[in-house]
A.B. asks: 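Okay, here's the structure, questions in a sec.
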Amino acid sequence: MEPGTIDNLSILYQSSDFIVVNKHWDLRIDSKMWYETLTLQSQLKHRFPELADPHTYYGFRFCHQLDFSTSGALCVALNKAAAGSAYKCFKERLVTKAYLALVRGHVSQRQMTISYAIGKNTTEGMTHMMCIEGTEGEHSSPALPTPPGVCWGIPSPPLDLLAGCENPKPCQSELMVLEHGSYSGDPVTKVLLQPLTG
C-alpha cells in the first residue's frame, strides 16, 4: 500500500449507515493539532463532504480505533443509530478483529497464545506507544519481549528509553504462522494475530 494522500482513500464497503475504509499506515484517524492536516478524517471530508456531520467534533463517527502505524479496515458510522449499533457490537465482543503482520525472523511454533499485561508507556516522547508489564525495564512496543521459540527480531530500545508501564491490563492474542520468507534478504514470518482480550 502506498503512503496516504488526501485523495487516495480506499473504500471497502459503503451503505447508508456505514463506510468501511482501508486506513493507510502512519495515518492518524483524527487530530486536534493544526499541523496534522492529513488524517483519515480529512480524507473522508475531502471524498464525502456531504456525509460529514457538523454535530460531531470530527465530522464522522469512528466505530473503533486503529493505531497510527496500523493499516486496515476501519468502520465509520454515518448516523447516530448506526453508531449505537456498532458500539453495542464492539462492547458485547460480537466483532472479530484480526491483524496480518510481517515480523522479522522465523517464528518456530505454528500457533501460540501470547499473554502479557499491556499499559501506557510513560517514557517522555513515547507516550503514544504501549508497553508490556513485567519485562526488564518495561519494553515499549514494538520491541516486544521474546517468548520461548519466537523471534520478534525487533531491536529493543536503549535502556535509557525504557520506562514504567502505567495501568497495565491483561491481554491475550492468538498467533498463527501463515508462511516464512525473506524481505530485503532478511528472514521474516507472515502471521495472523487475533486479539482475544484487551
Side-chain angles (χ1 to χ4, degrees), residues 1-103 118-121 125-131 140-142 144 154 167 169 171-176 178-179 183 188 190-198:
M1 177 184 263
E2 60 192 40
T5 64
I6 194 68
D7 56 0
N8 71 348
L9 179 64
S10 174
I11 306 301
L12 302 175
Y13 172 82
Q14 184 175 356
S15 71
S16 58
D17 291 322
F18 296 100
I19 295 176
V20 178
V21 300
N22 189 11
K23 180 191 149 319
H24 283 87
W25 46 273
D26 287 357
L27 182 72
R28 296 196 191 289
I29 293 173
D30 50 43
S31 179
K32 295 177 184 175
M33 305 299 178
W34 62 269
Y35 54 84
E36 290 183 314
T37 57
L38 182 62
T39 61
L40 180 57
Q41 167 204 6
S42 64
Q43 286 181 316
L44 284 164
K45 279 187 179 180
H46 178 78
R47 178 89 171 261
F48 302 106
E50 72 283 1
L51 297 179
D53 184 345
H55 296 53
T56 63
Y57 188 85
Y58 292 110
F60 294 92
R61 295 174 176 89
F62 299 104
C63 299
H64 59 102
Q65 298 288 312
L66 285 179
D67 291 340
F68 171 76
S69 59
T70 305
S71 62
L74 190 129
C75 184
V76 181
L78 298 177
N79 55 62
K80 276 187 183 180
S85 176
Y87 172 79
K88 183 178 177 184
C89 288
F90 278 96
K91 183 178 179 189
E92 296 176 4
R93 297 194 179 268
L94 301 174
V95 176
T96 302
K97 296 181 191 177
Y99 298 88
L100 187 63
L102 193 63
V103 297
I118 299 176
K120 183 178 180 182
N121 188 332
M126 299 179 82
T127 55
H128 65 285
M129 301 176 85
M130 305 304 285
C131 58
S140 305
S141 80
L144 300 175
I154 302 169
N167 197 23
K169 294 187 170 70
C171 295
Q172 276 192 330
S173 294
E174 286 292 322
L175 178 144
M176 181 187 309
L178 301 178
E179 65 182 294
Y183 180 79
V188 293
K190 186 192 295 186
V191 297
L192 184 67
L193 294 158
Q194 184 174 359
L196 302 176
T197 62

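The figures here come from the full heavy-atom set of this structure, side chains too, leaving out hydrogens, waters and symmetry mates. In this chain, numbering begins with 1 at the start of the sequence shown.
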A.B. asks: Working to the nearest 0.5 Å, report the span between CG of D17 and NZ of K80.
C.D. replies: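 If I round to the nearest 0.5 Å, the distance is 15.0 Å.
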A.B. asks: Between H64 (side chain) and C75 (backbone), is there a donor-acceptor pair under 3.5 Å?
C.D. replies: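 Looks like yes, one N/O pair under 3.5 Å.
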A.B. asks: Within the structure provided, determine whether L44 and L51 are in side-chain contact (heavy-atom separation under 4.5 Å).
C.D. replies: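 No - every pair of side-chain heavy atoms lies 4.5 Å or more apart.
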A.B. asks: I'd like to know if the side chain of Q172 and the backbone of P195 have a donor-acceptor N/O pair within less than 3.5 Å.
C.D. replies: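 Not at all, since once roles are kept as given, no pair shorter than 3.5 Å links the two residues.
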A.B. asks: Give me the atom names and distance for the closest heavy-atom approach of L196 to R93.
C.D. replies: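 So the two residues come closest at O-NH1, 4.2 Å.
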A.B. asks: Between Q41 and Y58 (side chain of the first, backbone of the second, donor and acceptor by atom type, cut-off under 3.5 Å), is there such a pair?
C.D. replies: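 Yes; at least one donor-acceptor contact below 3.5 Å.
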A.B. asks: Could you measure the distance from the CD atom of Q194 to the CE atom of M176? Nearest 0.5 Å is fine.
C.D. replies: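 Separation between the atoms: 8.5 Å.
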A.B. asks: What distance do K97 atom NZ and L66 atom CG have between them, rounded to the nearest 0.5 Å?
C.D. replies: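 One gets 8.0 Å once the value is rounded to the nearest 0.5 Å.
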A.B. asks: Can you find a heavy atom in the side chain of I19 that is under 4.5 Å from one in the side chain of L78?
C.D. replies: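 Touching, per the 4.5 Å side-chain cut-off.
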A.B. asks: Any side-chain heavy atom of P3 within less than 4.5 Å of one from W25?
C.D. replies: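 A side-chain contact exists here, since the closest heavy-atom pair is under 4.5 Å.
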A.B. asks: Are N8 and H24 side-chain neighbours, meaning at least one heavy-atom pair lies under 4.5 Å?
C.D. replies: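 With C-beta onward as the side chain, the pair touches.
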A.B. asks: Of all the heavy-atom pairs spanning S42 and T37, show the shortest one and how long it is.
C.D. replies: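 It is OG-O, 3.0 Å.
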A.B. asks: Side chains of L74 and V20: closer than 4.5 Å at any heavy-atom pair?
C.D. replies: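 No, their side chains stay 4.5 Å or more apart.
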A.B. asks: Please confirm whether the backbone N or O of T70 pairs with a side-chain atom of D67, one donor and one acceptor, at under 3.5 Å?
C.D. replies: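 No.
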A.B. asks: Of all the heavy-atom pairs spanning A86 and C63, show the shortest one and how long it is.
C.D. replies: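 It is CB-SG, 3.6 Å.
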A.B. asks: Kindly compute the distance separating OG (S10) from CG (N22), expressed to the nearest 0.5 Å.
C.D. replies: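 Output value for this atom pair is 5.0 Å.
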A.B. asks: With the side chain counted from C-beta on, respond yes when R61 and D53 share a heavy-atom pair under 4.5 Å apart, and no when they do not.
C.D. replies: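 With C-beta onward as the side chain, the pair touches.
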A.B. asks: Is any side-chain heavy atom of E174 less than 4.5 Å from a side-chain heavy atom of L193?
C.D. replies: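 E174 vs L193: side chains apart.
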A.B. asks: For the OH atom on Y87, are there more than 12 heavy atoms of other groups (residues, nucleotides or ligands in this structure) within a distance under 6.0 Å?
C.D. replies: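 No, OH of Y87 has 12 or fewer neighbouring heavy atoms, counting only those of other groups under 6.0 Å.
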A.B. asks: Does the K23 side chain pair with the main chain of F68, one donor and one acceptor, at a distance under 3.5 Å?
C.D. replies: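 Such a contact is found between K23 side chain and F68 backbone.
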A.B. asks: Specify the closest pair of heavy atoms between A98 and L192, including all atoms of both residues, with the distance to one decimal.
C.D. replies: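 Looks like CB-CD1, 4.1 Å.
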A.B. asks: Tell me whether D7 is salt-bridged to R47, with the criterion being a basic N under 4.0 Å from an acidic carboxylate O.
C.D. replies: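 Here D7 does not pair with R47 in a salt bridge, since their nearest N and O are not under 4.0 Å apart.
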A.B. asks: With rounding to the nearest 0.5 angstrom, report the CG to CG distance, L40 to D30.
C.D. replies: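 Interatomic distance, L40 CG to D30 CG, rounded to 0.5 Å: 8.5 Å.
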A.B. asks: Would you mind reporting whether N167 and K120 have side-chain heavy atoms less than 4.5 Å apart?
C.D. replies: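 A side-chain contact is absent here, since even the closest heavy-atom pair is not under 4.5 Å.
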A.B. asks: Taking S31's backbone N and O only, do any of them form a donor-acceptor pair with T39's side chain (distance below 3.5 Å, no angle check)?
C.D. replies: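 Between the backbone of S31 and the side chain of T39 there is no qualifying donor-acceptor contact (under 3.5 Å).
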A.B. asks: Spell out, as yes or no, whether a donor-acceptor pair under 3.5 Å connects the side chain of D26 to the backbone of S71.
C.D. replies: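 Not confirmed, D26 side chain does not pair with S71 backbone.
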A.B. asks: In Å, rounded to the nearest 0.5 Å, how long is the span from OG1 of T56 to CG of N79?
C.D. replies: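 It comes to 11.5 Å.
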A.B. asks: Locate the shortest heavy-atom distance separating Q43 from L38; write the atom from each residue and the value.
C.D. replies: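 Scanning both residues, the minimum pair turns out to be CG-CD1, 4.0 Å.
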A.B. asks: Could you walk me through whether I11 and F48 pass the side chain to side chain contact (heavy atoms under 4.5 Å, CB included) check?
C.D. replies: CA-CA 11 Å; I11 306 301; F48 302 106; 3.7 Å; yes
